[in-house]
2 protein chains.
Amino acid sequence: MQHTKAGEPQILIDLSTAIIGTDAGTLQCRLVDDGDDAQPRRLPFGPFVPDQHRTMEIGLRQWVGEQVGVELGHVEQLYTFADRGRQHTTPGAPHVVSVGYLALTNQTGRQTRAWRDIYSFFPWEDWREGEPSMLADIIYPALDSWLAQHSERRESARLAFGRDGLAWGEEYVLERYELLYEAGLVAEAFADGRENAAPTPAVPGEPLQLDHRRILATAVGRLRAKLKYRPVIFDLMPLTFTLTQLQHTAETVLGVGLHKQNFRRLVEKSGFVEATGKMSKSRGRPAELFRFRHQERSERPLAGLRVSPGRLRPSDPSP
Amino acid sequence: MQHTKAGEPQILIDLSTAIIGTDAGTLQCRLVDDGDDAQPRRLPFGPFVPDQHRTMEIGLRQWVGEQVGVELGHVEQLYTFADRGRQHTTPGAPHVVSVGYLALTNQTGRQTRAWRDIYSFFPWEDWREGEPSMLADIIYPALDSWLAQHSERRESARLAFGRDGLAWGEEYVLERYELLYEAGLVAEAFADGRENAAPTPAVPGEPLQLDHRRILATAVGRLRAKLKYRPVIFDLMPLTFTLTQLQHTAETVLGVGLHKQNFRRLVEKSGFVEATGKMSKSRGRPAELFRFRHQERSERPLAGLRVSPGRLRPSDPSP
DNA sequence: CCATTTATGCTCAAATTGAGTATAATATCA
DNA sequence: TGATATTATACTCAATTTGAGCATAAATGG
């Protein structure tokens, strides 16, 4: 049995949570407003203290409660990041490992400036209006010039960005971000002291502190993937909603447009929703209001919302 | 910014790896033979030492190399377990957090007694010969009597074990094990000092040290799920193989029988394999030997092997 | 009343899936 | 040697699911 010898550097575990919600066609993430003039740039996070936290989830709920006070629906562990040099560690300080969590909420919070549009951190991820022009204009040229020196990463890049013939896989959010980081094209690469990174990032998209943009990318990727086989989308919805609202939420998360009639057919057949009998009032014909059938969550655990974006189409404008 | 104050108990991270392979119709896991007379009962594991390990994967590869020397194919992080009381911690000792990894190998290793049949730890998971009778005979009665006191866990149990009307979901391996643990029906529950656990476990299935059976359950569950959407099965296969061998491997992992003709159609259409032109010789008609097309791994990343077990059938006997 | 907007119903062909039946190519054994 | 067992592979067929689009309904604002 081999265990740490005394004198080795201490390990500290940070619990960081990406809290995701949607509002008016935007995919939002709750950051912490530390009160100064600067833009909020960090996720709620804090150390895992085994004496106080029987489980890590209890710990994270404490930090979320203290720092942002958002009510959490679905919570899941994402990944544990421990690479040296990705946390701006100062020498001598304990090594920081971060355990990232994804949390969903249906609380819409435009009220505070700490709710930020996730696509401002990953502008290349929003294909609802078609392929973002920045891909062809900025990202691909920059990436290609890096790939010229790193041909061993060619295939990964091809897969992640769905280039020459491959389809854009909306769930490869982390893979894309990591590739841009590796290539020195995002601000964090410079902050972490990577030599190939320029002080001014080549690619648009706001940075976050520490490895928080990485954790957020993991969260969005996981959420997009999970949407297709588990009914997690309902954790983002209010108690009652129209099918169009549900579709807009799905499109906002996935970053692509969906075929309206087929989406409706899919959802109705899934058994996850039931009509309330009430109607919504908006501009055109009133829509029926539905609610999530909680019992179904267990009765059809595998079904989920298997939305297939079909050929990418611009989504209809949000109401 | 909140970080650990001095004097708090130290945290130690263990990297534990479930190395999985198949051999002659068995699903195997590599344990560590510590040389004494006792059965091997632990996964290869060791501490994450940030000074020596730039990443956790480097650390795990060191421990695997030193303790079992198996060559690893696909490696992936599973989950980070940190609940108090699941690691037999002695008071005062540092709190142990374990990061579990799954590794696949095509090395078949009957040579050492340290390769163990995974279904000896989870005998209720092997449905290749139909539903194991122990479920109806032992597990369900025991579980039900616990559920009588814990009705809030009823739905989870229903989902995990696919009872009254629900289908058996082969990927819920961890959920099933955790429920049995919670109910005090497996040996580790007693070892961890849970009050509702009997010294002699109610349910068959060998225990492992520490939380290693939990990690192994996570590994099998993840592998079963992943088989359906990524071509990981080929990391378990030799360089060339017949489609029947491939099917047997899939059945061994999933623990269910599959429809032969449809499996063949699925695999051929997927583009993941190509014929070598050579033939295998066995008892009946010779079968064509195939190899995995590595290029396809990136060309069709989403396809995977979407095997659907159909109505459970006994699988054909292994050659 | 008419144009506009949004919601919902319905059709239709293509592709996929689930479950067989039929046939081919080998080994084994009486 | 020829029948039999064994394994592999080809092909069929109906049911279901998917992708795409057309048509109609119910509201609103002039």
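Each chain gets a letter, A, B and so on, in the order the sequences are listed, and its residues count up from 1.
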Any donor-acceptor pair under 3.5 Å from B:R291 side chain to B:E274 backbone: no
Distance, rounded to the nearest Å, where A:L246 contributes CG and C:dT8 contributes C1': 16 Å
Of A:R265 and B:R285, the one whose closest DNA chain D nucleotide lies more 5': B:R285
Integer-rounded Å distance: C:dA25 C1' and B:K278 NZ: 20 Å
side-chain N/O A:K281 vs D:dA27 OP1/OP2, d < 4.0 Å: no
Length of the line joining A:L266:CG and D:dT18:C1', which is rounded to integer Å: 10 Å
Side-chain N or O of A:T244 closer than 4.0 Å to phosphate OP1/OP2 of C:dA7: yes
Length of the CD-C1' vector between A:Q245 and C:dT6, whole Å: 12 Å
A:W168 six-ring centre to A:R163 NZ/CZ under 6.0 Å and within 45° of normal: no
A:E288 side chain, from C-beta outward: closest of C:dT8, C:dT17, D:dT9: C:dT8
pair A:I20-A:L102: side-chain heavy atoms closer than 4.5 Å: yes
Any B:R283 side-chain nitrogen or oxygen under 4.0 Å from OP1 or OP2 of C:dA27: no
Exam field: side chain B:N106 to backbone B:M237, donor-acceptor pair closer than 3.5 Å: yes
Sugar-phosphate only, base, or nothing, as touched by A:Q261 at under 4.0 Å among non-hydrogen atoms: base
Value in whole Å for how far the P atom of C:dG18 lies from CG of B:L258: 11 Å
Rounded distance (Å) that lies between atom C1' of D:dT7 and atom CD of B:Q247: 12 Å
Side chain to side chain, B:L254 and B:W127, heavy atoms closer than 4.5 Å: no
Nearest-nucleotide pick for A:P286, side chain only, options being D:dA20, D:dA27, C:dG18: D:dA27
Of the listed nucleotides C:dT17, D:dT9, C:dT8, the one nearest the side chain of B:A287: D:dT9
B:L289 or B:G284, whichever maps to the more 5' nucleotide of DNA chain D: B:G284
Nearest-Å distance for atom pair CZ/P, residues A:R264 and D:dC22: 19 Å
Separation of atom NE2 in A:H248 from atom C1' in C:dT6, rounded to whole Å: 11 Å
